[in-house]
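Have a look at the structure below before the remarks.
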Amino acid sequence: MVGAGPAGVAAALAAKRVRPEQHVLLFAEEDRDPYEKPPLSKNVLMGTAEPESKPIANGPTLAAAGVVFVRGARATKIDRKRREVHFCERRPVAYDTLVLATGARARTLPALPQSMANVHYLRTAVDALVLRDALRRPDRSRGIVVVGAGLIGLEAAAAAGGSATTVLETGFSAMARVCSADLAQIVIARHAMAGVRFLFRTTIVAASSCNDGLALRLSDGAVLEAGIAIVGIGAKPDIDLAVEAGLPATEGILVDDHCRTADPTIFAAGDVAQFRTRWCADPTRLENWRHALDQGQVAGTNAAGGEATYGSVPSFWSDQYELMIQGAGWPDGLTISPVRRTLGEGRVVEFHMHDGKVRYAVGIGVSREINIIRRLIEKQVDVTAQTLTDPAVSLQGLLRP
């Protein structure tokens, strides 16, 4: 298994469960035990946790399961003819089957390269710790600029403390990939309460270092100065190994519903995989922890000789201040306006429907409800807009025949 995020770890453990006698190796590019990445933009930035506080599985746990875990191993090449993986400053490793769980890398902004002083991207534990130190500097009078109003950008803005923070977004609203503008407005208003300013339909034309900070020239001609810039504009799949090995890969490594690539001995899972599913007309790719874990289990099972099929309903969550934002399902391709159920005390959920069934839902403060909704989606229960919007109608009751 190349890659030790949730997909790689799940694949390794699943393969060992299917064939306990099999020799299973898990290679991590980072020189640390596998850890969960969602807390990096939440608790780790706020200083209430460390990256190792949320391990996926530590070294002793993997060893107890019979998985050989290798840290600090950067894969550089796959030799499909010889069935070997090459690593930087290590001998090649032979394989019978291979799982690629290389994840994704931060999408970069040309005007703000990663090498530029006071510019931060957030993808790894090291990124989070360096950014946390920058946020703790005594002099923050010039403020913070966050580029991107998606989940990662807004989590970083919340962790930064709000005051003197400006969020730049090219679109018309925040979190456009996961919710309607109406629901996003609730989140925007909470950020505004903390002192965050939003500039929508705004891009950075040029940037330069200025007085130990940054001067950003915006698309409207204004110049915005900041002490640091945090760029959170999404991620791109780390497909280099697959492309160089001749595997079909564009927006991800293309796999079937068994997580198998065009090479029957190579599988892929997690953020790096582009896959077909009954839920979407076209191949799709997802970036969330639950999906990576579920798909990794399928890839590892099948790499060990099993015949599992991936068809899980994905879900995600985001912590911003006291707001817990959660979603489940498939938002891609939905153009019909959602219907909303208001639950009181700031709790709300919106449903996106397709052919009389819930296809996707997202809400604030709806931990219990989102688990039920996930089952509504899985079971493809027939519903109406009226039953979904009426808080007097039990969602649990809709699951009953």
Side-chain angles (χ1 to χ4, degrees), residues 36-49 51 53-54 106 120-123 127-128 131-132 134-136 140 143-200 228-235 287-290 314-328 331 338 340 342-350 360-371 373:
E36 294 185 12
K37 288 192 174 181
L40 296 183
S41 55
K42 305 176 181 74
N43 304 68
V44 174
L45 277 191
M46 290 187 290
T48 59
S53 300
K54 285 286 187 178
H120 297 267
Y121 288 80
L122 184 55
R123 196 69 194 171
D127 294 338
L131 176 54
R132 185 172 73 184
L135 292 174
R136 289 174 172 176
R140 288 176 46 184
I144 299 164
V145 167
V146 175
V147 184
L151 295 176
I152 297 297
L154 294 189
E155 287 171 0
S163 181
T165 298
T166 300
V167 176
L168 306 180
E169 168 57 45
T170 59
F172 290 85
S173 184
M175 305 191 307
R177 290 177 60 187
V178 300
C179 70
S180 69
D182 287 342
L183 189 67
Q185 191 55 47
I186 298 173
V187 180
I188 292 169
R190 178 61 184 88
H191 279 272
M193 284 177 57
V196 178
R197 179 175 63 136
F198 285 83
L199 297 178
F200 293 107
I228 65 173
I230 306 169
V231 185
I233 56 172
E287 297 169 16
N288 66 60
W289 186 88
R290 176 66 181 265
S315 58
F316 71 90
W317 80 96
S318 174
D319 292 319
Q320 299 173 38
Y321 309 106
E322 76 285 356
L323 302 181
M324 166 67 91
I325 302 157
Q326 292 174 277
R340 176 184 290 197
T342 301
L343 301 166
E345 299 180 346
R347 300 170 63 243
V348 62
V349 59
E350 65 179 31
Y360 173 71
V362 59
I364 300 172
V366 290
S367 296
R368 178 178 176 274
E369 288 81 3
I370 210 72
N371 290 327
I373 293 166

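For E345, there are no side-chain hydrogen bond (donor to acceptor under 3.5 Å, both in side chains) partners, not counting sequence neighbours. Remark: P338 pairs with S180, E350, H352 by the side chain to side chain contact (heavy atoms under 4.5 Å, CB included) rule, at least two apart or across chains. The side chain to side chain contact (heavy atoms under 4.5 Å, CB included) search around S318 returns L151, E155, Q320, I325, not counting sequence neighbours. With sequence neighbours excluded, the residues forming a side chain to side chain contact (heavy atoms under 4.5 Å, CB included) with R368 are I372, listed by chain and number. When the side-chain hydrogen bond (donor to acceptor under 3.5 Å, both in side chains) test is applied to N288, no partner is found at least two apart in sequence or on another chain. With sequence neighbours left out, R347 forms a side chain to side chain contact (heavy atoms under 4.5 Å, CB included) with L343, E369. For E287, the side-chain hydrogen bond (donor to acceptor under 3.5 Å, both in side chains) partners at least two apart in sequence or on another chain are R285.
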* To do: May I have the step-by-step check of side chain to side chain contact (heavy atoms under 4.5 Å, CB included) for V196 and L154, ending in yes or no?
  => CA-CA 10 Å; V196 178; L154 294 189; over 6 Å; no
* Start with the C-alpha gap between T165 and V146, add the side-chain angles, then the distance that decides, and say whether side chain to side chain contact (heavy atoms under 4.5 Å, CB included) holds. => CA-CA 7 Å; T165 298; V146 175; 4.0 Å; yes
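When all heavy atoms are compared, the tightest approach of I230 to A156 is CG2-CB, 4.1 Å. L45 approaches A128 most closely through the heavy-atom pair CD2-O, 3.6 Å. Taking all atoms of both residues into account, the shortest heavy-atom contact from Y121 to A106 is CD2-CB, 4.0 Å.
For residues 168-179, no pair satisfies side-chain hydrogen bond (donor to acceptor under 3.5 Å, both in side chains), with sequence neighbours left out.
Using a 4.5 Å heavy-atom cutoff, the side chains of L40 and L131 are not in contact.
Of the N and O atoms on the side chains of S367 and Q326, at least one donor lies less than 3.5 Å from an acceptor on the other residue.
A distance-only check finds no donor-acceptor pair linking the side chain of T166 to the backbone of R197 [under 3.5 Å]. In this structure, the side chain of Y360 does not engage the main chain of G327 through any donor-acceptor pair within 3.5 Å.
From K37, atom NZ reaches atom CG of D127 across 8.5 Å, with rounding to the nearest 0.5 Å.
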